[in-house]
Amino acid sequence: MSGFSVTLASVAAVEGWMTDAQAQRLWDRACSVREGGRIVEIGSFRGRSTIVLASAASSDAEVVAIDPHAGNDRGPQEIEGFEDEAEQDHEVFHANLRAAGVDDRVRHVRRPSQEALDEVSGAVDLLYIDGAHRYRPALADIRRWGERVPPGGTLLIHDSFSSIGVTLALLRSMLASADFRYVGRSTSMAEYRRGRLPRKERLSNAGRQLAQLPWFARNVVTKVLIATHLKKGSWPY
């Protein structure tokens with residue numbers, strides 16, 4: 001079995017929202033981070049994606065997981081009032097990392113993302129955002145943490161073209177961006193590459209993102225049907 005296959009098997013029982021294709025994209029981008037580089041994840045939950053990133057990263061790369069485990073923005077329709085579950089999330093998170101053999105590879109910052117900006121100094125070669133999905137905090141994460149990504153660096157955003165708040169934040173910050181090129185997506189995980197776009201390329205870059213909106217509309221309809229119990233199924237991710 002390849003390194004990725006072993007890691008994928010190791011997270012099979014770890015609770016979280018991540019498809020195999022998304023895990024592959026995380027793995028590939030973490031593998032490409034330069035020696036001595038830095039990977040930052042915003043929103044770790046119980047460690048599913050954290051384990052993939054830490055397992056793929058080179059031994060001298062820094063891996064930082066930012067998650068307050070505070071009981072707010074815990075998951076779909078779990079915005080406030082989950083303090084007891086969050087404390088359990090924290091314990092299970094580290095237990096899962098230990099079981100995967102990567103707990104000593106990850107620096108966990110147990111603070112909200114916007115309060116953790118001073119916990120990480122310097123550039124972030126790979127930034128993975130899966131934090132608060134409401135519009136304002138999602139936009140703040142994309143803008144303030146996105147500034148840390150250097151030219152050639154990668155920004156991955158989960159629940160893109162799926163969550164309403166995240167999608168609106170993307171359209172506000174990335175649609176007309178001159179600094180981030182849309183690379184593609186694995187279901188709802190969108191990938192952007194930092195690099196100055198010539199003016200003539202910005203329109204096509206925006207067009208590639210707008211082309212995802214029909215898929216976004218379908219996801220919104222599906223979520224409404226599930227929330228109103230008119231359809232059975234799992235939350236789109």
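Only this structure's heavy atoms are used, side chains among them; waters, hydrogens and symmetry mates stay out. By convention here, the first residue in the shown sequence is residue 1.
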Would you say the side chain of [Y] lies within less than 4.5 Å of the side chain of [X], judging by non-hydrogen atoms?
X    : Y    : value
E41  : S49  : yes
L156 : L127 : no
L170 : Q209 : no

Distance check, rounded to the nearest 0.5 Å: [X] atom [atom1] versus [Y] atom [atom2]?
X    : Y    : atom1 : atom2 : value
L155 : I129 : CG    : CD1   : 5.0 Å
S44  : I66  : OG    : CD1   : 8.5 Å
F180 : L197 : CZ    : CG    : 10.5 Å
L126 : D28  : CG    : CG    : 11.0 Å
L97  : I51  : CG    : CD1   : 5.0 Å
Q212 : S188 : CD    : OG    : 11.5 Å

Please check: side-chain N/O of [X] versus main-chain N/O of [Y], any donor-acceptor pairing under 3.5 Å?
X    : Y    : answer
R143 : S173 : no
H133 : G131 : yes
D67  : F45  : yes
R194 : V149 : yes
R110 : P68  : yes
T167 : I164 : no
R196 : D179 : no
R107 : V64  : no
W145 : A140 : no
R38  : A123 : yes

**Report entry** Neighbour count above 12 (heavy atom, 6.0 Å) for R208 CZ
**Finding:** yes
Heavy-atom pair of closest approach, residues [X] and [Y]:
X    : Y    : value
V52  : A23  : CG1-O, 3.6 Å
S177 : R202 : O-CG, 4.3 Å
V120 : R148 : O-NH1, 2.6 Å
V102 : A54  : CB-CB, 3.8 Å

Is [Y] paired with [X] through a side-chain N to carboxylate O contact shorter than 4.0 Å?
X    : Y    : answer
R46  : D89  : yes
R34  : E62  : no
D118 : R111 : yes
R199 : E201 : no
E191 : R185 : no

No-hydrogen, no-angle side-chain donor-acceptor test under 3.5 Å, [X] and [Y]:
X    : Y    : result
Q22  : H158 : yes
Q114 : D141 : yes
D20  : Q24  : no
E35  : S58  : no
R29  : T154 : no

Report task. Verify side chain to side chain contact (heavy atoms under 4.5 Å, CB included) between V106 and T50, making sure each step is shown before the conclusion. Result -> CA-CA 8 Å; V106 177; T50 317; 4.0 Å; yes
Report task. Give a yes or no on whether the ring-centroid distance for W27 and F4 is below 6.0 angstrom. Result -> yes
**Report entry** Residues which pass ring-ring contact (aromatic ring centres under 6.0 Å, His included) with Y182, listed by chain and number, not counting sequence neighbours
**Finding:**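 Here the qualifying residues are Y192.
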hydrophobic_cluster_shared for [Y] and [X], side chain cutoff 4.5 Å:
X    : Y    : value
V183 : I142 : no
L168 : I42  : yes
F216 : Y135 : yes

Query - Parallel, tilted or perpendicular: rings of H94 and H108 (30°, 60°) - result: tilted
Report task. Could you list the residues that satisfy side chain to side chain contact (heavy atoms under 4.5 Å, CB included) with A21, not counting sequence neighbours? Result ->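 Partners of A21 under the side chain to side chain contact (heavy atoms under 4.5 Å, CB included) test: T19, S186.
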Query raised in the report: Sequence neighbours excluded, which residues qualify as side chain to side chain contact (heavy atoms under 4.5 Å, CB included) partners of A57?
Result: I39, A61, V63, R105
Report task. Show your reasoning for whether side chain to side chain contact (heavy atoms under 4.5 Å, CB included) applies to N219 and F161. Result -> CA-CA 8 Å; N219 282 335; F161 312 112; 5.6 Å; no
Requested in this report: May I have the step-by-step check of side chain to side chain contact (heavy atoms under 4.5 Å, CB included) for T7 and S10, ending in yes or no?
Outcome: CA-CA 5 Å; T7 299; S10 74; 4.2 Å; yes
